[in-house]
Amino acid sequence: MTTTLACAAETTVHGRRVRTGLFIDGQWRDAEKTFAVLDPATGAEVAQVSDGSAADALAALDAADRVRSAWRHVAPRDRAALFTRAHRLLLSRADEFADVMTAESGKPLTESRAEFALSAEFFLWYTEQIAHLHGTYAPSSHGGYRVITTHQPVGPALLITPWNFPMLMIARKAGAALAAGCPVIVKSAKETPLTCALFVETLQEAGFPDGVVNLVHTTDSAAMSATLMTDDRLRKVSFTGSTGVGATLLQQAAPGIINASMELGGDGPFIVLDDADVELAAAQAVLCKFRNAGQACVAANRIIVHRAVAEAFTARFVELTEQLRVGNGFDAGVDVGPIISARQRDSVVELVEILNQAGAELLTGGSALPGDGYFFSPTVFRVKGRPEQLCSRELFAPVATIYEVGSTAEAVEFANDTRYGLAAYVFTKDLSRAVAVGERLDFGMVGINRGIMADPAAAFGGIKASGLGREGGHDAIYDYLEPKYLALTVDEEEGLS
Ligand code: NAD
């Protein structure tokens, strides 16, 4: 039984019309309760959004399960045609997406536009993959029959997205899952449900069949996912978020052996070696650290600099950091927007306290900014030694920590001294050194002389406590497919008679 009412509210956000209901089985529905979405730049309410229940999630799973077979058997070209239409519609709504993203996440409009463009590219990437899924055909090892291998969609997929990249995360997951032939239930982050609503509405307008795409928002993610994860009809969970929640979902996935992909936390080392181009390294470090106010899983979490260039690098990095303009993401020229919430802002204040207690030296910034929004000044600390409090600690804040090392070997050893393994960066002018260091870094991705590397053509993801599976690249779609083997007896004599 669902608690929703089949009439769909909408609202206007920064002049853009946005649906505020849940989308289940091809219909927008309002839940009985709503929750507030806040603008982190002002603390003001942006919208009231339907607060879905576990029953709503089950209704979405009912729909997804009902259409799983039909969606799987849609011919690749027909599926690709829907994607192509959706991609065109997405592009035509670029400004709407950017405005809504900035309104609910606070990120500067330039970043929202860049995120939108990358998300559309991911969607296009999966569009292009739909008609290129391959299988194999081979004789069995002793002859007598044939080994035919194809791939089949795993089935209904639960996609749980975080707030820090509200568009990219859903485009990347839903693109792969739908391209593979899996119906999806998207569980948005409660801080940024409106971008997800725009995305799902665009797919609806493109003509995706009822039940194939479903969207639920909720303030009780734990109850909702626990309900879905214990239902055998759910066959896949793809999650982006913190390692703790990822571990809980993996435990929930275990009894039903639910296929799981996890994009989790990071502790990215940003290594600047003694022969690095210091100007380039400092500029890329600022980008890698302060993009999205530091709230990125691939952010430079520990800036590890060789002693020979530490002074020059640090001086330039601090100089560039002080040039960053903090403010409302809609204002022209703003580089750093607010922190997502008051709670998260308070955790940044605590982080600065921890750094002070650990004896780190504050070089710039260090405080929350007064006013209604949740702003924090871009902050740089020089850290002595390796304080235990900072070990394997994802900062997720506009707070940079610089560490000094005496050799390349020490840089690599320190970089790897973490439970995480998502993104690492190395700056050196010597390419063979870059490769040697890159190969020794225990991370899923290594940026060489660049601080930004997300791309549809690249396999994005981590190892160790940073996750399982990859998004993007040639193989990502296979995270939503299972190999299927057909054995075919061939009686050659009879066949030739
Ligand atoms: P979070 O884990 O608190 O929330 C992520 C999502 O999970 C949200 O939709 C949330 O509502 C939901 N959620 C929370 N508890 C849940 C539960 N018990 N069951 C099911 N769903 C639940 O993380 P966050 O604070 O929103 O995001 C920050 C974290 O995400 C950071 O650790 C960051 O590194 C990570 N992240 C990773 C990547 C990546 O690709 N590896 C990308 C972005 C963010």
Side-chain angles (χ1 to χ4, degrees), residues 35 37 40 49 51-52 54 57 104-105 107 115 118-119 122 158-173 176 185-193 195-196 215-230 234 237-253 258 260-268 291-301 339-341 343-345 347-348 392-397 418-423 443-445 453-454 458-472 476 479:
F35 64 92
V37 178
V49 169
D51 193 355
E104 65 178 353
S105 75
K107 63 179 68 190
E115 180 177 340
L118 183 60
S119 308
F122 264 97
L158 170 62
L159 313 179
I160 305 179
T161 58
W163 46 263
N164 58 347
F165 291 98
M167 170 88 187
L168 183 58
M169 298 299 124
I170 183 175
R172 217 154 70 169
K173 290 186 192 304
I185 302 158
V186 178
K187 209 291 295 165
S188 65
K190 68 179 187 308
E191 295 82 355
T192 56
T195 309
C196 284
L215 171 68
V216 286
H217 315 296
T218 184
T219 50
D220 194 351
S221 305
M224 187 177 273
S225 71
T227 302
L228 290 176
M229 298 286 291
T230 47
L234 187 80
V237 61
S238 175
F239 170 75
T240 296
S242 56
T243 296
V245 172
T248 301
L249 288 167
L250 284 172
Q251 279 167 354
Q252 290 173 348
I258 293 174
S261 298
M262 297 281 146
E263 299 286 355
L264 307 174
D267 178 14
R291 185 175 61 123
N292 208 21
Q295 304 166 116
C297 52
V298 290
N301 209 52
I339 307 291
I340 189 70
S341 62
R343 204 180 63 143
Q344 194 74 13
R345 190 259 327 268
S347 79
V348 182
S392 289
R393 186 185 193 107
E394 185 179 34
L395 308 180
F396 223 63
T418 174
R419 67 192 288 247
Y420 293 108
L422 189 58
F443 291 81
M445 302 175 281
M453 57 178 155
F460 185 102
I463 59 173
K464 294 160 68 181
S466 289
L468 298 169
R470 294 293 181 268
E471 291 184 337
D479 271 18

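When a ligand or atom number is given, it counts from 1 through the structure's own listing order.
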Visitor: Heavy atoms only: which of P162, S225, P193, S221 lies closest to atom 13 (N) of ligand 1?
Guide: S221
Visitor: Just which atoms of ligand 1 are under 4.0 Å from any heavy atom in E263?
Guide: 37 (C), 38 (C), 39 (C), 40 (O), 41 (N)
Visitor: Which atoms form the tightest heavy-atom contact between P193 and V49, and what is the distance?
Guide: CG-CG2, 3.9 Å
Visitor: Classify the contact between S466 and ligand 1 as side chain, backbone, both or neither, using a heavy-atom distance cut-off of under 4.0 Å.
Guide: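 The answer is neither.
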Visitor: Please say whether E394 places an N or O atom under 3.5 Å from an N or O atom belonging to ligand 1.
Guide: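 Min N/O separation from ligand 1 is below 3.5 Å for E394.
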Visitor: Can you tell me how far OG1 of T230 sits from CG of L228, rounded to the nearest 0.5 angstrom?
Guide: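 It comes to 8.0 Å.
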Visitor: Flag T248 as yes when one of its N or O atoms lies below 3.5 Å from any N or O atom of ligand 1, and as no otherwise.
Guide: no
Visitor: Listed by chain and number, what are the salt bridge (Lys or Arg N to Asp or Glu O under 4.0 Å) partners of E104, not counting sequence neighbours?
Guide: none
Visitor: Among all the protein's non-hydrogen atoms, which is closest to atom 41 (N) of ligand 1, and how far away is it?
Guide: L264 O, 2.7 Å
Visitor: How far is atom 1 (P) of ligand 1 from the closest protein heavy atom, and which atom is that?
Guide: S242 OG, 3.6 Å
Visitor: Determine the minimum heavy-atom distance between F122 and G472, stating which atoms define it.
Guide: CE2-CA, 3.7 Å
Visitor: Applying a 4.0 Å heavy-atom criterion (strictly less than), which segment of M229 is in contact with ligand 1: side chain, backbone, both, or neither?
Guide: neither
Visitor: For the atom pair OG1 (T227) and CG (L234), what is the distance rounded to the nearest 0.5 Å?
Guide: 11.5 Å
Visitor: How long is the span from the CD atom in E471 to the OG atom in S238, to the nearest 0.5 Å?
Guide: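 It comes to 5.0 Å.
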Visitor: Taking 4.0 angstrom as the limit and counting only heavy atoms of N164, give me the atoms of ligand 1 inside it, by number and element.
Guide: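 Under 4.0 Å from N164, ligand 1 has these atoms: 43 (C), 44 (C).
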Visitor: Using modelled atom types only, decide if a donor and an acceptor are shared between the side chain of D267 and the backbone of R419 within a distance under 3.5 Å.
Guide: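 Looks like no, no N/O pair under 3.5 Å.
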Visitor: Taking all heavy atoms of R393 and all of N301, pick out the closest pair and write down the distance.
Guide: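 Minimum heavy-atom contact is O-ND2, 2.7 Å.
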Visitor: Do any N/O atoms on I160 end up under 3.5 angstrom from N/O atoms on ligand 1?
Guide: no
Visitor: Side chain, backbone, both or neither: which part of V245 comes within less than 4.0 Å of ligand 1 when only heavy atoms are counted?
Guide: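 V245 to ligand 1: side-chain contact only, backbone stays beyond 4.0 Å.
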Visitor: Between S466 and G265, which heavy-atom pair has the shortest distance, and what is it?
Guide: OG-O, 2.6 Å
Visitor: Does any N or O in the side chain of Q295 come within less than 3.5 Å of the main-chain N or O of N292, such that one atom is a donor and the other an acceptor?
Guide: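 Side chain of Q295 to backbone of N292: a pair is present.
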Visitor: Can you measure from OG (S341) to NZ (K190) and round to the nearest 0.5 angstrom?
Guide: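 If I round to the nearest 0.5 Å, the distance is 8.0 Å.
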Visitor: Examine the proximity of ligand 1 to L422 and report which part, side chain or backbone, both or neither, has a heavy atom under 4.0 Å away.
Guide: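 For L422, the contact with ligand 1 is made by the side chain alone.
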Visitor: Rounded at 0.5 Å granularity, tell me how far OG in S347 sits from CZ in R343.
Guide: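 Result: 8.0 Å between the selected atoms.
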Visitor: In terms of residue, atom name and distance, what is the protein heavy atom nearest to atom 10 (C) of ligand 1?
Guide: K187 NZ, 3.7 Å
Visitor: Should one rank N292, T161, T192 by closest heavy-atom distance to atom 9 (O) of ligand 1, which comes out on top?
Guide: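 Closest candidate by heavy-atom distance is T161.
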Visitor: Taking all heavy atoms of S105 and all of W163, pick out the closest pair and write down the distance.
Guide: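 Looking at all heavy atoms of both residues, the closest pair is CB-O, 4.4 Å.
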Visitor: Give me the residue, atom name and distance of the protein heavy atom closest to atom 26 (O) of ligand 1.
Guide: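 Nearest protein contact, heavy atoms only, for atom 26 (O) of ligand 1 is W163 NE1, 2.8 Å.
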Visitor: Please work out, at 4.0 Å between heavy atoms, whether the side chain, the backbone, both, or neither of K190 comes within that distance of ligand 1.
Guide: neither
Visitor: Please state which option from C297, A226, G266, G265 has its nearest heavy atom closest to atom 39 (C) of ligand 1.
Guide: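 That would be C297.
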Visitor: Between the candidates F460, F396, Y420, F165, which shows the shortest non-hydrogen contact distance to atom 28 (C) of ligand 1?
Guide: F396
Visitor: Taking all non-hydrogen atoms of both residues into account, name the closest pair between V37 and E191 and its distance.
Guide: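 Residues V37 and E191, closest heavy atoms: CG1-O, 3.4 Å.
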Visitor: Quick one: which ligand 1 atoms are inside 4.0 Å of a heavy atom on T240?
Guide: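 So the answer, numbered in order with elements, is 5 (C), 36 (N), 37 (C), 38 (C), 39 (C), 40 (O), 42 (C), 43 (C), 44 (C).
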Visitor: Compute the shortest N/O to N/O distance between A296 and ligand 1 and return yes if it is under 3.5 Å, no if not.
Guide: no
Visitor: Can you check atom 4 (O) of ligand 1: any protein non-hydrogen atom closer than 4.0 Å?
Guide: no
Visitor: Using atom types as modelled, flag every donor-acceptor pair under 3.5 Å from a side chain in residues 215-224 to any protein atom, sequence neighbours excluded.
Guide:
unit_1	atom_1	unit_2	atom_2	d
H217	ND1	S188	OG	2.7
H217	NE2	G21	O	3.3
T218	OG1	G52	O	3.0
T218	OG1	D220	N	2.9
T219	OG1	D51	OD1	3.1
T219	OG1	D51	OD2	2.6
D220	OD1	A223	N	3.2
S221	OG	K187	NZ	3.1

Visitor: If you measure from each non-hydrogen atom of F239 to ligand 1, which part falls under 4.0 Å: side chain, backbone, both or neither?
Guide: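 Only the side chain of F239 comes within reach of ligand 1.
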Visitor: Counting each atom of ligand 1 from 1 as listed, which ones have a heavy atom of A189 under 4.0 Å away?
Guide: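 Selected atoms, number and element: 9 (O).
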Visitor: Below 4.0 Å from any atom of ligand 1, is there a heavy atom belonging to R172?
Guide: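 Per 4.0 Å heavy-atom rule, R172 contacts ligand 1.
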Visitor: Select the closest option to atom 30 (O) of ligand 1 among G461, G467, G241, judged by heavy-atom distance.
Guide: G241
